[in-house]
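Here is the structure we will look at, set down as structure tokens.
The sequence lines fix the lettering, A, B, ..., with proteins before strands; numbering per chain opens at 1.
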Protein chains: 2
Amino acid sequence: MNTMQLNRFVEVAAQLSFSKAAEALHVSQPTVSHQIKALEDELGCALLVRSTRTVRLTDDGFAFLEYANDILDLAARAERRLKHKQRPNSQQLRIGAQHKRATYP
Amino acid sequence: MNTMQLNRFVEVAAQLSFSKAAEALHVSQPTVSHQIKALEDELGCALLVRSTRTVRLTDDGFAFLEYANDILDLAARAERRLKHKQRPNSQQLRIGAQHKRATYP
DNA sequence: TATGGTTACGGATGCCGTAAACATC
DNA sequence: GATGTTTACGGCATCCGTAACCATA
């Protein structure tokens, strides 16, 4: 499992279209198809129902979409944290004065 | 970024040794070295300090370790959820009667 | 029949392991 | 000098894009 696959799945789920997702992601349509299939194979279940004209999420797809978004969010936080060389005590531009963050540290 | 890289990093961080991590993961030592380096390149910073005899985490490494564990945990939950074909209402062996789960759905 | 997803296929890239080189204790 | 990591390198697998195929509305 990798962030590329998750990105593609999230995009397809948002667009409900492989071709539009491919366009938005600047890759070819077969590439999206390949990677979604690889993800489905790894997970051992279908995430999407294709009927040549329409795409919709399976129940598993809905469930996994939440995880995918959470994982991508975590990965993005980690990258921002390290790439911007933030130190643990120098949080960036925190609006409001909450002492605990919502979900992840 | 992928779960393999994260797995290897977490293992190296646990063992504080590339060779022991490689042994535990049943891959060669250079493979671990390659993947950790790829991860560091992608993140744009060093996660580990190598001194040929000892390995220790950088500050960035400590920070990233938490994210890595969280991401791997999420990925594992997602896989368990889908591979075991659990339906949302048929949670497995829940001890106690909590109505909300602790962190993730 | 037209649209949209999948499969086939070829070239390029990447990955892993063996072997050699390198660095520290 | 011994231990442990990195670099070099070669074979194999994987990935991506073009093109062809296929299925549905």
Atom CG of B/Leu48 to atom C1' of D/dT6: distance rounded to whole Å? 14 Å
So does B/Asn69 get a backbone contact from the side chain of B/Asp73, meaning a donor-acceptor N/O pair under 3.5 Å? no
Can you check the A/Glu42 CD to D/dC15 P distance for me, whole Å? 11 Å
Is it the case that over 12 heavy atoms from other parts of the model lie below 6.0 angstrom from the CD atom of A/Glu23? no
For A/Glu11, run the side chain to side chain contact (heavy atoms under 4.5 Å, CB included) check against A/Leu25, A/Val27, A/Val32 and tell me which one passes. A/Leu25
Between B/Arg56 (side chain only) and B/Thr54 (backbone N and O only), is there a donor and an acceptor less than 3.5 Å apart? no
What nitrogen or oxygen pairs link the protein and nucleotides 3-7 of chain C at under 3.5 Å?
residue : atom : partner : partner atom : Å
C/dT3   : O4'  : A/Arg53 : NH2          : 3.1
C/dG4   : O4'  : A/Thr52 : O            : 3.1
C/dG5   : OP1  : A/Phe18 : N            : 2.9
C/dG5   : OP2  : A/Ser19 : N            : 3.1
C/dG5   : OP2  : A/Ser19 : OG           : 3.2
C/dG5   : OP2  : A/Gln29 : NE2          : 2.4
C/dG5   : N7   : A/Gln29 : NE2          : 3.4
C/dT6   : OP1  : A/Arg50 : NE           : 2.4
C/dT6   : OP1  : A/Arg50 : NH2          : 3.4
C/dT6   : OP2  : A/Ser33 : OG           : 2.7

Can you check side-chain contact (heavy atoms from CB on, under 4.5 Å) on B/Phe64 and B/Leu6, steps first, answer last? CA-CA 10 Å; B/Phe64 187 72; B/Leu6 299 183; 3.6 Å; yes
Stretch residues 1-11 of chain A: residues that reach within less than 4.0 Å of DNA chain D through a heavy atom: none
Whether A/Thr31 contacts D/dG17 is assessed here as follows: a side-chain N or O lying under 4.0 Å from the phosphate OP1 or OP2. Is that the case? yes
Between D/dT7 (P) and B/Asp41 (CG): distance, integer Å: 10 Å
Here the distance between atom P of D/dT3 and atom CD of B/Glu23, to the nearest Å, is 15 Å
According to a strict under-4.0 Å criterion, is A/Gln35 in side-chain N/O contact with OP1 or OP2 of D/dC16? yes
Measure the spacing between CD1 of A/Ile36 and CG of A/Asp41 and express it to the nearest 0.5 Å. 11.5 Å
So that I can tick it off, tell me whether B/Glu40 and B/Arg8 are bridged by a salt bridge, with the cut-off set at under 4.0 angstrom between side-chain N and carboxylate O. no
Whole angstrom value for the distance that separates C1' of D/dC15 from CG of A/Leu39: 16 Å
Report yes or no: does A/Gln5 contribute a side-chain atom to a donor-acceptor pair with the main-chain N or O of A/Asn2 at less than 3.5 Å? yes
